[in-house]
Amino acid sequence: MSGEVRVRIAPSPTGPFHIGTARTALFNLLYARANGGTYIVRVEDTDTARSTAEHEADILEGLRWLGLEADEGVVSANEERGGRGPYRQSARSARYAEVAAQLYTAGLAYYCFCTSAELDAERSAREKAKLPPRYSGRCAGIKAEDAARRVAAGESAALRFRIRPGVVVIDDLVRGRVEIDAEALGGDLVILRADGSPLYHFTVVVDDADMGITHVIRGEDHLSNTPKHILLFQALGVTLPKFAHLPLILNPDRTKMSKRKSQTAISDYRAEGFLKEAIINFLALLGWSTGSEDEVLNVEEIQARFSLEHVQKAGAVFDRTRLEWINGQWIRRLTHEELLARLRPFYDQAAADGRIGRPATDREIAALLPLIRERIPLLSSAIELTDFLFLDVLRHDPGLLVPKRWEAATACAALEAARPLIADGIGEGDAPLLDAPDPLEAKLRTLAEEQGWKAGDLFMALRAAATGRAATPPLFDSMRLLGRAAVLTRIDQAIAVLRAA
RNA sequence: GCCCCUAUCGUCUAGAGGCCUAGGACGCCACCCUUUCAAGGUGGAGAUCACGGGUUCGAAUCCCGUUGGGGGCACCA
């Protein structure tokens, strides 16, 4: 057995794929890649009441999308890779029962007949006495024969693991040596419910042992519980994995990031048009740094630099504004073909939702790319920036049609004067002019000069008339994309609106 | 309540005793570019390195304490 590195991410399908889970998965993958190891995905679905197939699918799809698919373990609803499974806890019941029996036989676990009502009472009594919650150990001393007899007679009993006294040492790769007195662990630990189903602290250890996990890399919220795991590993007589506890991702108020206070579902970020490259880049930099001033990095670059040495110890606030900046960086780094492909579903969705009047063709989106790639922080931003091209009717806002310095009459006159020049200067279905100076622009500038108008005001009035928006891609490109007929119709409509106002 | 973790600009961070009158990035402000909006460029404001004691010739960096923040303490994961 060489020193092969085996790490895992163990999501629980009790909710949609969470940003924090994605971050932990990423760090595990990075650690595996940096050390030539194996990255395993295990599904922790022992909480049957809250686990659903939909959530599992969302998590697996999210992992796949981000490029965090398993080397080994659960890949999809019906695919598992690797020979140390099953990798879904719901399929491992027999194994848990077996190991629990082993602990019981060795005298390391015992039956507990306390009812939940009794335990609740015990807990609240201690709470009232300002004592930390802790199981009294009331059933610990019941003679094995008596316990066995009661169980055989059908009495309901959970199985508890004996927490041995003493100090447990965690040698954490991020935090160094951490000592926790077993006294503070809350007493003997239930590993099997009365119905025989296993509990988290138990399954995680059995699985990590069975799957040969060498490094447990997870959130800091698990640090306090790690001694329970260590004691269990020792009771099973297996080699301890190394532990590395990552700093938590925080809400703006510095509490653990939660759905309640932040947007946590990966699918929501994806639907908004965040790129997987940006999410990976951003997540990698939350709690870790290159140690240099490099910031915009792809996975390969991150992998090449990754090590636990540079992992931060304190929690990191999730800064959405920074994510958007990184997203913009990545949008601008995509090739035209890539950007087109990424934008496609957003236009399709917008057409389906009726946010634009008709579907956009690849040709049309391709023509737009150079005009929008520097103007969209999110893929979804492209829609509102270009919707005027795909709308049949524009509803003009008179306020928008009149530049601040102008009267309505001036705007009206300007549109009327510009109309023939535009009719003359734009063809039907023109391609946007990228580099060449636009002769139409020159004519309109001359017109503005003759009339004593600022060219910018004229352009603003035209922009509002043609697009119905105050912020758009460059005006002349926009009008050419729109085509002569549509532009003239909209100018006429705008003039009518101004006259009526 | 008990236990554990933690502490550099608003935010993400560089910094592993002298290179720090603390560097970068996001955000913010100004200017430039400019038909709008962006993008880009330049510059600026912004941190008594939480506080108090030590150790040392010398501390953001090491030690102790205090305070603040966070996490954990289930027949949840």
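In this text, all values refer to a predicted model and were calculated from it rather than measured experimentally. A, B, ... follow the sequence lines: proteins, then strands. Residue 1 opens every chain.
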When the distance from [atom1] of [X] to [atom2] of [N] is rounded to whole Å, what number comes out?
| X | N | atom1 | atom2 | answer |
| --- | --- | --- | --- | --- |
| A:Glu183 | B:G72 | CD | P | 21 Å |
| A:Leu189 | B:G72 | CG | P | 16 Å |
| A:Arg8 | B:A77 | CZ | P | 14 Å |
| A:Glu374 | B:G41 | CD | P | 11 Å |
| A:His229 | B:G72 | NE2 | C1' | 11 Å |
| A:Leu232 | B:A77 | CG | P | 14 Å |
| A:His245 | B:C4 | NE2 | P | 15 Å |
| A:Asp181 | B:C3 | CG | C1' | 9 Å |

Nucleotide nearest [X] (side chain, heavy atoms from C-beta), chosen from [options]:
| X | options | result |
| --- | --- | --- |
| A:Arg332 | B:C4, B:A39, B:A7 | B:A39 |
| A:Arg175 | B:C76, B:G27, B:U6 | B:U6 |
| A:His310 | B:U35, B:G15, B:U11 | B:G15 |
| A:Asp319 | B:C4, B:U11, B:A77 | B:U11 |
| A:Ala158 | B:U36, B:C75, B:A77 | B:C75 |
| A:Arg160 | B:G71, B:C75, B:A25 | B:C75 |
| A:Val178 | B:C3, B:C5, B:C37 | B:C5 |
| A:Ser289 | B:A14, B:A39, B:C5 | B:A14 |

Notebook entry, point to check: Is a donor-acceptor contact shorter than 3.5 angstrom present between the side chain of A:Thr321 and the base of B:G27?
Noted result: no
Notebook entry, point to check: Per the atom types in the model, does the base of B:U11 pair as donor or acceptor with the side chain of A:Arg322 at under 3.5 Å?
Noted result: no
Next item on the list: On the 0 to 90° scale, with breaks at 30° and 60°, tag the A:Trp453-A:Trp406 ring pair as parallel, tilted or perpendicular.
Entry: tilted
Notebook entry, point to check: Parallel, tilted or perpendicular: which fits the ring planes of A:Phe233 and A:Phe243, with parallel below 30° and perpendicular above 60°?
Noted result: perpendicular
Margin query: Less than 6.0 angstrom separating the ring centers of A:Phe318 and A:Tyr269, yes or no?
Written below: yes
Next item on the list: Take A:Pro198 and A:Glu179, find for each the nucleotide of RNA chain B with the closest heavy atom, and name the residue whose nucleotide sits nearer the 5' end.
Entry: A:Glu179
Margin query: Quick check: on RNA chain B, is the nucleotide nearest A:Leu285 upstream (toward 5') of the one nearest A:Leu323, or the reverse? Name the residue that is more 5'.
Written below: A:Leu285
If the [atom1] atom of [N] is compared with that of [M], how far apart are they to the nearest Å?
| N | M | atom1 | value |
| --- | --- | --- | --- |
| B:G1 | B:U66 | P | 15 Å |
| B:U48 | B:C5 | P | 27 Å |
| B:G65 | B:U6 | C1' | 16 Å |
| B:A59 | B:C19 | P | 11 Å |
| B:A45 | B:C29 | P | 16 Å |

Next item on the list: Kindly indicate whether a cation-pi arrangement holds for A:Arg150 with A:Tyr111, taking the cut-offs as under 6.0 Å to the six-membered ring centre and within 45° of the axis.
Entry: no
Next item on the list: With A:Arg469 as the cation and A:Phe388 as the aromatic partner, state whether NZ or CZ is under 6.0 Å from the six-membered ring centre and within 45° of the axis.
Entry: no
Next item on the list: To the nearest 0.5 Å, tell me how far A:Arg95 CZ sits from A:Thr203 OG1.
Entry: 12.5 Å
Margin query: I need a per-nucleotide contact map over nucleotides 44-51 of chain B, read 5' to 3'. Cutoff is protein heavy atoms under 4.0 Å; write B for the base, S for backbone only, - otherwise.
Written below: --------
Notebook entry, point to check: Nearest heavy-atom pair of A:Ala284 and A:Phe27: which atoms, and what distance?
Noted result: O-CZ, 3.7 Å
Check: Tell me, which of residues 12-28 of chain A have any heavy atom that sits under 4.0 Å from an atom in RNA chain B?
Finding: A:Ser12
